[in-house]
Amino acid sequence: MPIDYGLANLSHYAYVITIVGYGLALLAFAGDFAFGRDALAMVRPAREPAAGLVPAGAAAGAPGSAAAGAGGRPARPAEDAAAGAGPGASAGPGDPGAVPAGGQGARPMGRWVRAAVALTVAGLAAHIVGVISRGLAVHRVPW
């Protein structure tokens with residue numbers, strides 16, 4: 001059977017779009033790594049006091065103290081919210097103060113990551129179109 005050159009050209013252009021999309025996605029992920037919100041957190045000092053320190057004016061481990069948690073250690077607001085002890089004591093999944101079991105708070109994606117994911121999805125779609133059109137152009141599996 002003869003080769004369908006229209007589908008072969010479509011496959012070629014789809015592969016070019018795939019390479020450009022994946023390359024730009026790689027640059028966007030690198031941009032998030034370099035310029036994202038958490039990049040500055042690595043060089044700035046932490047705002048949270050070190051474990052074992054109590055804010056001034058609070059007695060460490062005193063019963064009824066707002067700063068005392070279990071075992072006399074200072075309570076953290078996220079733990080209080082998860083335990084139901086803080087203001088607005090509902091710590092359900094939709095609560096912004098709720099902390100997942102892994103201890104990491106779920107944060108929305110930044111603009112770099114959103115752009116990178118969109119470019120990756122576009123590259124994947126072009127890749128799938130390229131493979132299918134190449135197979136249809138030569139009337140066999142393209143590899």
Side-chain angles (χ1 to χ4, degrees), residues 1-58 60-61 64-143:
M1 273 194 216
I3 295 174
D4 185 350
Y5 289 104
L7 285 174
N9 283 333
L10 174 66
S11 173
H12 172 74
Y13 293 132
Y15 280 133
V16 169
I17 292 170
T18 299
I19 297 300
V20 170
Y22 287 158
L24 290 175
L26 175 76
L27 291 176
F29 278 121
D32 177 63
F33 183 72
F35 306 114
R37 288 181 294 159
D38 292 337
L40 294 178
M42 289 185 234
V43 294
R44 290 184 185 159
R47 300 270 182 202
E48 186 175 318
L53 297 181
V54 179
S65 170
R73 66 178 172 79
R76 293 190 174 150
E79 291 173 355
D80 288 344
S90 72
D95 186 16
V99 177
Q104 296 279 340
R107 286 174 262 164
M109 291 189 299
R111 65 179 179 196
W112 287 100
V113 175
R114 284 194 306 263
V117 169
L119 287 166
T120 302
V121 169
L124 177 65
H127 202 160
I128 291 170
V129 167
V131 168
I132 290 174
S133 62
R134 180 61 51 110
L136 293 173
V138 296
H139 308 289
R140 61 177 173 82
V141 181
W143 49 84

Minimal non-hydrogen separation, Ala137 against Ala8, with atom names: CB-N, 3.6 Å

Closest heavy-atom pair and its distance - Arg134, Pro142: CG-CB, 3.7 Å

Heavy-atom closest contact (Ala116 atom, Ala28 atom, distance): CB-CB, 3.6 Å

CD1-CG distance between Ile132 and Leu10, expressed to the nearest 0.5 angstrom: 10.5 Å

Where Ala25 and Thr120 come nearest, the two heavy atoms and their spacing: CB-OG1, 3.3 Å

Residue that, paired with Leu119, satisfies side chain to side chain contact (heavy atoms under 4.5 Å, CB included) out of Leu124, Leu24, Val20: Leu24

Spatial distance of atom NE2 (His12) from atom OH (Tyr5) [nearest 0.5 Å]: 14.5 Å

Rounded distance [0.5 Å steps], CD1 in Ile17 versus NE2 in His127: 13.0 Å

